[in-house]
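Below: one structure, written as structure tokens.
In what follows, every chain begins at residue 1, and chains take the letters A, B, ... in the order their sequences are listed.
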Amino acid sequence: MPEGHTLHRLARSVRDAFGGRVVEASSPQGRFADGAALLDGHRVVRSDAVGKHLLVGFSPADASPRRTPQRWLHVHLGLYGKVFFGSSDGAVDGGDQDDDGAGAEGFAAPPAPVGQVRLRLVTLDAAEGAGPLRWADLRGPTACEVMVRPEVDELRARLGPDPLRPDDGPERFLERAGRSRVTVGALLMHQDVLAGAGNIYRAEALFRAGIDPFAAGRDVEPERLEAVYEDLRVLMRAGVRSGRIVTTRPVDRGRRDDEADGTPVRRGQAGAHYVYRRTGLPCRICSTPVSTTVVEGRNLFWCPTCQAPGTQVSPFDA
DNA sequence: CTATGATGGAAAC
DNA sequence: TTTCCCTCATAGC
């Protein structure tokens with residue numbers, strides 16, 4: 001589920017698997033052959049996420065690992081990109097999968113590519129005692145490219161504050177959103193206004209704050225916008241820890257329609273959301289049927305009562 | 001088995 | 001505004 005929390009988890013997985021290691025980079029079907037050649041034989045010295053973007057820094061194998069990376073791999077997973085990790089000691093990680101891999105024995109070598117593998121990384125220094133053989137396959141990304149530093153800076157400059165980055169605060173978000181005539185439902189999807197939230201966090205954060213998604217940013221009190229940002233910090237941090245988006249308070253889940261009503265709940269996710277994909281089901285707080293409509297090309301879900309125009313309080317406080 | 005839509009965003013109209 | 005990317009879980013036959 002590639003919202004920001006997924007990318008921050010992915011950055012950590014890349015760091016754990018490849019940090020400090022020299023890698024072989026390849027593009028099995030040739031789709032990214034030129035880029036892979038630029039990284040092949042280099043050492044992974046950084047791995048970080050900014051919003052929904054993954055940035056992996058590479059340096060020549062013989063350069064100091066502390067030197068600033070010469071080349072950066074930029075990955076955006078888009079709607080369905082994924083990274084699959086494997087290793088010779090059995091550690092398998094299907095990216096954001098919250099289970100499977102159980103009982104995996106690992107393989108002596110990377111398996112044949114499954115589907116279209118844009119980029120495959122394999123550790124090259126295992127034989128020199130640097131650790132077990134590890135590999136990762138990137139499939140279906142929207143973006144996969146090699147950048148130099150100015151391009152990385154440019155990318156970061158066009159992104160709004162990321163609630164998952166401790167040094168990013170709500171100030172720039174408040175400045176942009178607070179004077180905008182665009183609706184908050186749209187603004188939360190604009191990565192240059194706030195980086196890292198996607199369609200689930202947008203719907204859930206607005207519900208939790210009791211904000212009408214169709215209110216213009218400038219018509220929402222700054223305190224309430226700030227509350228959304230701070231709430232996203234909490235929600236997304238929890239997402240990084242668990243690998244899942246759970247926005248409901250314990251008191252509001254685990255009952256009624258969580259498994260019944262034909263609710264399309266995914267395994268282990270029953271009751272995880274207040275409004276996301278709950279069209280027509282009763283609001284967990286006030287029982288009003290949840291509404292949906294397309295905003296910014298995506299389905300927006302909201303409770304017409306808890307998030308009615310003019311509402312000034314969170315449904316938790318009402 | 002096939003059809004559909006999905007957590008996103010850039011490029012092509 | 002539509003198309004692509006080309007994965008994958010789920011719904012439906």
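The stretch residues 203-213 of chain A has no heavy atom under 4.0 angstrom from DNA chain B at all.
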I'd like a list of close polar pairs between nucleotides 9-12 of chain B and the protein, N/O only, cut-off under 3.5 Å.
| residue | atom | partner | partner atom | Å |
| --- | --- | --- | --- | --- |
| B:dG9 | OP1 | A:H76 | NE2 | 3.4 |
| B:dG9 | OP2 | A:K52 | NZ | 3.3 |

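Between A:Y276 atom OH and B:dG5 atom P the separation is 13 Å, expressed in whole Å. Rounding to whole angstrom units, CZ of residue A:R244 and P of C:dA9 are separated by 15 Å. Protein atom CZ of A:R277 is 16 Å distant from nucleotide atom P of B:dT4, rounded to whole Å. The distance from atom CG of A:D137 to atom P of C:dC8 is 11 Å, rounded to the nearest whole Å. Distance CZ (A:F84) to P (C:dC8): 10 Å, rounded to an integer number of Å. Going from atom NZ of A:K82 over to atom P of B:dG8 covers 13 Å, rounded to whole Å. At whole-Å resolution of the value, OH in A:Y80 and C1' in C:dT3 are 11 Å apart.
Judged as a ring-ring contact (aromatic ring centres under 6.0 Å, His included), and not counting sequence neighbours, A:H190 has no contacts. A:H76 is linked by a ring-ring contact (aromatic ring centres under 6.0 Å, His included) to A:H53, counting only residues two or more places apart in sequence or in another chain. Annotation: ring-ring contact (aromatic ring centres under 6.0 Å, His included) contacts of A:F58 (sequence neighbours excluded): none. Evaluation of the ring-ring contact (aromatic ring centres under 6.0 Å, His included) rule for A:H8 yields no partner, not counting sequence neighbours.
Listed nucleotides B:dA6, C:dC8, B:dG8 differ in distance to A:E3; the shortest reach to its side chain belongs to B:dG8.
Annotation: cation-pi geometry satisfied between A:R249 and A:F316 (NZ/CZ under 6.0 angstrom from ring centroid, within 45° of ring axis).
The closest side-chain donor-acceptor pair between A:H273 and A:E204, if any, does not fall under 3.5 angstrom.
Note on A:N299: a side-chain N or O is less than 4.0 Å away from OP1 or OP2 of B:dA6.
Panel note: side chain A:R43, backbone A:P60; no donor-acceptor pair is recorded below 3.5 Å.
Heavy atoms of A:R118 sit under 4.0 angstrom from primed sugar atoms or phosphate atoms, though from no base atom.
Ring planes of A:F301 and A:Y276: perpendicular class, angle over 60° (limits at 30 and 60°).
For A:W302 and A:F214, the ring centers sit closer than 6.0 Å to each other.
Between A:L79 and A:V114, the residue whose closest nucleotide on DNA chain C is further toward the 5' end is A:L79.
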